[in-house]
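Just below is one structure, and these are the notes that go with it.
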Amino acid sequence: MKMKAERAMKSDTIAAISSGMTVSGLIVIRVSGPDAVTVAERVFRAKKPLSEAETHTVHHGFIEKDGVAADEVLVSLMKAPHGYTGEDVVEISCHGGPFVAEKVLSLLFEAGARPAEPGEFTKRAFLNGKMDLSKAESVIGVITAGNEFALRAGVDGLKGRIGNEIRVLREKLLDEVAKIEAALDDPEHYDLSDDKERLGEVLAGAEKEAEALLARSESGTVLREGIRTVIAGRPNAGKSSLLNLVAGAEKSIVTEIPGTTRDVVEDTVSFGGLTLLLADTAGLRETSDPVEKIGVEKANRAAENADLILYLADAREGITAEDRAILSAFPEEKVILLRNKADLVTEADGETAQRSGAGARSLSDGILFSCKTGEGLETLKKAVYERFVTGKISFNDEVILTSRRQIGDLKDAIDSIRGAREGIRRGDSEEFISADLTAAYAALGRIIGEAVGEDVIDRVFEKFCMGK
Ligand code: GDP
């Protein structure tokens with residue numbers, strides 16, 4: 001903590017536009033650092049000097065240079081350590097024009113601030129101990145949230161719930177490491193041989209908890225970043241029509257999340273509160289004979305990268321041999337079957353379909369659907385929701401990790417706990433078990449940013465936008 005404070009003391013004063021730069025009601029410019037107040041005072045004229053003002057107060061005045069006013073503004077003052085960054089923070093709300101905002105910003109630079117790097121305000125907040133790394137990552141989570149789940153997970157993280165859960169798990173491991181180390185230091189008074197069963201149970205419990213967190217977090221990633229969806233089916237089954245129906249229904253407001261691969265994504269759509277990343281299914285759509293031309297192999301590849309496959313069959317025909325051939329390439333648990341063109345079904349068709357649809361994937365398993373009338377769309381939304389949300393994640397009371405970095409560290413921790421448990425079973429010496437538990441403790445610590453290197457910190461903050 002002391003080291004962190006020293007680091008902050010040495011830092012200079014930075015400024016950047018923290019809101020958007022389009023013509024709008026207001027544009028907010030943030031200044032942070034030991035000289036934030038001095039720098040602001042050089043350009044800000046108000047009734048009372050900022051340096052005499054209380055923290056968390058708002059001041060009306062003018063930004064001026066050589067007696068010429070550049071804008072009329074409101075200035076908020078947050079004094080260290082209470083500002084976002086833990087330093088003195090001055091936020092200038094100027095009129096919402098890009099030209100005037102640039103002008104005010106350039107005057108602040110002349111007055112001694114330097115341009116902030118992307119994410120530098122939040123990075124300072126982390127370095128000054130205002131938030132742990134999981135909280136800082138939740139800041140990006142909230143900004144880039146494109147659906148309810150992403151937002152809730154992000155806000156949960158902001159509340160510090162990730163950090164709390166990780167700390168509880170770490171404490172458990174630390175207690176055990178302390179006991180083992182005490183026994184190693186003082187073998188006459190402490191003997192671990194009787195304690196192994198209890199230790200094994202504690203570690204089994206810790207592993208189970210960590211595993212549950214991992215499972216929730218992995219499902220959560222799908223929900224936050226989007227469900228990778230492939231639309232498949234025979235030619236003319238209605239794949240293009242479904243794509244248009246789904247993509248046209250609600251246009252997406254999802255922000256690009258740096259670091260996620262979306263190279264095959266054709267469309268990002270909001271679907272019943274969830275985000276679907278519709279994969280480029282052009283290949284599957286345009287081939288006249290999918291079985292021959294694309295082959296099971298290609299279908300397999302598309303399915304491998306998908307979380308969900310929407311398979312269209314013709315409701316009038318049932319599942320044909322061709323359908324079966326394509327379907328056999330897909331893992332059953334990923335498929336939702338749509339009996340499309342329901343609007344064209346006659347009673348006679350129904351009987352044919354019933355007959356040919358017998359078997360494991362009978363048509364009655366699917367959703368009666370029509371790309372033309374939209375019949376079945378609500379049922380499909382419900383089915384997707386049930387598959388990905390209900391039963392898997394309860395967002396009300398359970399925490400999930402919100403970045404791939406955190407999930408990677410959690411996996412390392414689980415590996416190490418597992419290693420310790422195996423060590424106990426094998427009868428390894430206590431030193432090895434202690435080393436595994438210490439490694440697990442460290443891996444969990446990295447999630448909240450303890451003992452992480454500059455490289456990790458830089459990688460986290462480079463994902464931030466300017467002014468955050
Ligand atoms: P794709 O080859 O699988 O992409 O199929 P298309 O989406 O191009 O659809 C093939 C034909 O079926 C087009 O003429 C569509 O208008 C029609 N079609 C698709 N879905 C429906 C539906 O639910 N009802 C009706 N009546 N026609 C449909």
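Counting starts at 1 for both ligands and their atoms, following the listed order.
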*Which ligand 1 atoms, with their elements, are less than 4.0 angstrom from a heavy-atom of Asp343?*
22 (C), 23 (O), 24 (N), 25 (C), 26 (N)
*asked:* I'd like to know whether ligand 1 has Glu375 as a neighbour, heavy-atom separation below 4.0 Å.
replied: no
*Run down the list Ser370, Ser241, Ser240 and name the one with the heavy atom closest to atom 4 (O) of ligand 1.*
Ser240
*Honestly, is Arg30 close enough over Phe121, meaning NZ or CZ under 6.0 Å from the six-membered ring centre and within 45° of the axis?*
yes
_For ligand 1, which is the ligand I care about here, please tell me if Ala237 has any N or O atom under 3.5 Å from one of the ligand's N or O atoms._
yes
*Is there a nitrogen or oxygen of Pro235 sitting under 3.5 Å from a nitrogen or oxygen of ligand 1?*
no
*Do NZ/NE/NH1/NH2 and the carboxylate oxygens of Arg339 and Glu317 come within less than 4.0 Å?*
no
*Please identify which atoms of ligand 1 are closer than 4.0 Å to at least one heavy atom of Lys239.*
1 (P), 3 (O), 4 (O), 5 (O), 7 (O)
_When you measure from the centre of the six-membered ring of Phe271, is the NZ or CZ of Lys381 closer than 6.0 Å and no more than 45° off the axis?_
yes
*Would you mind checking if Arg124 and Asp12 are paired as a salt bridge, meaning a charged N to carboxylate O distance below 4.0 Å?*
yes
*asked:* Please list, in number order, the atoms of ligand 1 under 4.0 Å from a heavy atom of Arg234.
replied: 3 (O)
_Using the rule given for salt bridge (charged side-chain N to carboxylate O under 4.0 Å, His left out), can you reason through Glu218 versus Arg404, listing the C-alpha separation, both sets of side-chain angles and the distance that settles it, and then say yes or no?_
CA-CA 9 Å; Glu218 283 181 334; Arg404 290 183 192 279; over 6 Å; no
*With a cut-off of under 6.0 Å to the ring centre and 45° to the axis, is Lys468 in cation-pi contact with Tyr84?*
yes
*Which segment of Leu344 sits under 4.0 Å of ligand 1 when only heavy atoms are counted*: side chain
*Of all the atoms in ligand 1, which lie at a distance below 4.0 Å from a heavy atom belonging to Lys372?*
22 (C), 23 (O), 24 (N), 25 (C), 26 (N)
*asked:* Which residue is it: Arg418, Arg405, Arg446? I am looking for the one with a salt bridge (charged side-chain N to carboxylate O under 4.0 Å, His left out) to Asp412.
replied: Arg446
